[in-house]
Amino acid sequence: MYIGSHISISKGFANAAKTAVSMGANTFQFFTRNPRGAKAKNLEPKDIKNLIDIMEEYSFGPLLAHAPYTLNLASYKEHVYDFAKQIFKDDIKRLEQTPCNLYNFHPGNHTGKGVEYGTKRIADIINGTLTGNEKTMILLETMSGKGTEIGYTFEQLKNIIDKIKYSELMGVCLDTCHVYSAGYDIVNKLDNVLQEFDDILGIEKLKAIHLNDSMKEFNSRKDRHAIIGEGIIGLEAIIAIINHPQLTNIPFLLETPNDVEGHAEEIKLLKENKI
Ligand code: FE
Ligand code: FE
Ligand code: ZN
């Protein structure tokens, strides 16, 4: 099982990988730059080399890069849109120089212009960026559907992917808190939800899982993460997810409200319950 949590790379990639190892993890997620701002640290070849060494030594799974929350690829406001385009391009360019081959982002908010409009805006940026030669896979995150978020149904994600020229470079990151809030009953009907994913997107598009419990009830369209076993989803359902035969070899990343020690405990609990 590939399991890890969100870790800061403010002290470098190799340092984050060491932290992951100390937590019993064999993958991690990081923000490509400050989640609220635009600044990205310079890449250091020595740091990347050390990261690769640690990943090899400890048989890491794929790492997940997360775009900053401030990006809105669906925006109708030109300055917001141009900023998103610029950061998206720069992130992918930088990730091509690292062994982090999964890049996850929140598809976007249409802010009143409608899902169809937003979908086209998102696809335009992706199509304007990808050359088809990237080794980075672009992941759309499943959203909870709060506000005017796009991507809270599998159909909406499929509609974005269908507009992408190099759609083979596109995948999905399923956030357990978000899908549950969006009305996919992964607690009582996990098989059905995965079947629906397969029918609409194809299960092979599922490249990563954000493993979070939820503070908010089923179908609430709210996005509040809870510590594993302390939310509405509950430990039993989470254990069924990590042991599901269709989800082996997919990296599980915790985004629960916890510190490094807390995440290490969650990882320990999950590993104990991995059959
Ligand atoms: Fe996210
Ligand atoms: Fe998430
Ligand atoms: Zn969330």
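Each residue takes its place number in the sequence, starting with 1. Read the numbers this way: they start at 1 and go in the same order the structure lists the ligands and their atoms.
- If you check the side chains of D191 and H244, you find a donor sitting under 3.5 Å from an acceptor.
- Contact annotation: D223 places an N, O or S atom under 2.8 Å from the Zn ion (ligand 3).
- Coordination check, H210 versus the Fe ion (ligand 2): passed, since an N/O/S atom of the residue sits under 2.8 Å.
- Centred on the Fe ion (ligand 1), the angle running from E141 (OE1) to H66 (NE2) is recorded as 100°, rounding to 10°.
- Counting just the N/O/S atoms of E255, the one with the shortest distance to the Fe ion (ligand 2) is named OE1.
- A donor-acceptor contact closer than 3.5 angstrom links the side chains of D223 and H225.
- Note on D124 versus K85: no salt bridge recorded, every NZ/NE/NH1/NH2 to OD/OE distance being 4.0 Å or above.
- Distances from the Zn ion (ligand 3) to the N/O/S atoms of H178 are shortest for NE2.
- Residues F154 and Y184 bring their aromatic ring centres within 6.0 Å.
- Atom CD of E155 has more than 12 neighbouring heavy atoms from other residues, nucleotides or ligands inside a 6.0 Å radius.
- Nearest to the Fe ion (ligand 2), among the N, O or S atoms that D175 has, is OD2.
- Checking H225 against the Zn ion (ligand 3), an N/O/S atom falls under the 2.8 Å cut-off.
- Inter-residue side-chain proximity for K46 and N50 is flagged as met; some heavy-atom pair is nearer than 4.5 Å.
- The name of the N, O or S atom in H106 nearest to the Fe ion (ligand 1) is NE2.
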